[in-house]
2 protein chains.
Amino acid sequence: MSEQLRTDRADRRPTRQRTAIAEALSGTAEFRSAQEIHAALARRDERVGLATVYRNLQAMAGDGEVDVIRTADGEAVYRSCATDDHHHHVVCRSCGLAVEVTGDAVERWAEAVAAEHGFTEIRHTVEIDGLCAACAAARTR
Amino acid sequence: MSEQLRTDRADRRPTRQRTAIAEALSGTAEFRSAQEIHAALARRDERVGLATVYRNLQAMAGDGEVDVIRTADGEAVYRSCATDDHHHHVVCRSCGLAVEVTGDAVERWAEAVAAEHGFTEIRHTVEIDGLCAACAAARTR
DNA sequence: ACGCAGTTTGACAACGGTTCTCATCTAGGA
DNA sequence: TCCTAGATGAGAACCGTTGTCAAACTGCGT
Ligand SMILES: [Zn+2]
Ligand SMILES: [Zn+2]
Ligand SMILES: [Zn+2]
Ligand SMILES: [Zn+2]
């Protein structure tokens, strides 16, 4: 497994902004972009600088407190996950709803197929996307 | 399965630029960015506008002639693959070397786990990265 | 070979997300 | 309370990518 990342996480101060960002993240099952979060906070009269939102999201992602994935057009979106354990997501292309999933089969396959080709320090990302039941229903209505 | 993409691909003219770009792509086992390709062509005295490189790469990607993945920092990188069939890549974090791999287990797992949660029109992306044998050796030397 | 219509190209501007700068503010231990 | 390293925010800077539009080119019919 290994996790050479996560060096510190220690010296992080609980500022008003930091808390606001974390809260904005928990409470939704969707991945949100830094800008969306910034806008959401502003709407709620929580004044937080855009740069601060970016910085904290990155920090949280680095500490593994939130997951990050890249939209098809390269935008980074974040989500605070229910578990700290390694997992993946199934995301709805239409509404953004994301559910967490795991699967030993994939984990082992990734490790094995990479090792077969002489690779080491193997990592992987798996993203599954589709239309959630609700969106599929809305579409055919 | 399904492939609702790939609508036409018919009316595409074989221009000097188009050929140069395709050639620059075939011949390397690494994923290259639009800018890298543009620079490589310039170095070879093949004058091709940057916008043209972007346009053609996108078109080729849309036609499935090349594969695109996003770098960790959101940059799009392209590679002309050996096969047209669905597959994934194991990429070296250090030198960019990429080998193509397949695995029914993953394909089925992705489909199954998404369907379990009520998703339809399921797609997926899987990227594995690590250190290739050569880079690992160079590092410990 | 010639001409025309629809493509494609290229220089450059415009965009949008992200990062940088740096003066100012703040949490928290001494 | 004081002091200091860490944190913040406004705005500029960055940088990959996309849009603009006139000029150049290609396939095709004549
Ligand atoms: Zn949905
Ligand atoms: Zn995994
Ligand atoms: Zn390598
Ligand atoms: Zn696959």
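Note on naming: letters A, B, ... go to the chains in the order of the sequence lines (proteins, then strands), and numbering restarts at 1 for each one. No hydrogens, no waters, no symmetry mates; every other heavy atom, side chains included, goes into these values.
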Please give, in whole Å, the distance from D/dG9 P to A/R47 CZ? 9 Å
Just how far, in rounded Å, is P of D/dG16 from CD of A/E75? 18 Å
Among residues two or more places apart or on two chains, list those pairs meeting ring-ring contact (aromatic ring centres under 6.0 Å, His included) that have a residue in residues 122-141 of chain B. B/H86-B/H124, B/H88-B/H124
For the side chain of A/Q35, starting at C-beta, report the closest nucleotide among C/dG17, D/dT8, C/dT8. C/dG17
Mind checking who shares a hydrophobic cluster with B/L131, ILVMFWY linked at side-chain heavy-atom distances under 4.5 Å? none
Under 4.5 Å side-chain linkage, directly or through intermediates, the cluster mates of A/I37: A/I21, A/L25, A/L41, A/V48, A/V53, A/L57, A/M60, A/V66, A/V68, A/Y78
Between residues 36-45 of chain A and DNA chain C, which residues have a heavy-atom gap below 4.0 Å? none
Taken in chain and number order and not counting sequence neighbours, the residues that satisfy ring-ring contact (aromatic ring centres under 6.0 Å, His included) with B/H117 are none
Close side-chain approach of A/I128 and B/W109, heavy atoms under 4.5 Å: yes
Within the pair B/Q17 and C/dG10, is there a side-chain N or O less than 4.0 Å away from OP1 or OP2? yes
What one-letter contact string describes nucleotides 19-30 of chain C from 5' to 3', where B marks a base within less than 4.0 Å of any protein heavy atom, S marks contact via sugar-phosphate atoms alone, and - marks no contact? BBB----BBS--
For B/H38, all residues meeting ring-ring contact (aromatic ring centres under 6.0 Å, His included), sequence neighbours excluded: none
Listed partners of A/F31 passing ring-ring contact (aromatic ring centres under 6.0 Å, His included), at least two apart: A/H89
The helix from C/dA1-D/dT30 to C/dA30-D/dT1: angle between end helix axes, five pairs per end, rounded to 10 degrees: 30°
Counting the atoms with a prime plus P, OP1 and OP2 as sugar-phosphate, which does B/N56 contact under 4.0 Å by heavy atoms, base, sugar-phosphate, or nothing? sugar-phosphate
By side-chain hydrogen bond (donor to acceptor under 3.5 Å, both in side chains), which residues pair with B/T15, not counting sequence neighbours? none
Please enumerate all residues that pass side-chain hydrogen bond (donor to acceptor under 3.5 Å, both in side chains) together with A/R79, with sequence neighbours excluded. A/E100
Suppose we screen for salt bridge (Lys or Arg N to Asp or Glu O under 4.0 Å). Which residues come up paired with A/R44, at least two apart in sequence or across chains? none
Does any non-hydrogen side-chain atom of A/R55 lie less than 4.5 Å from one of A/T52? yes
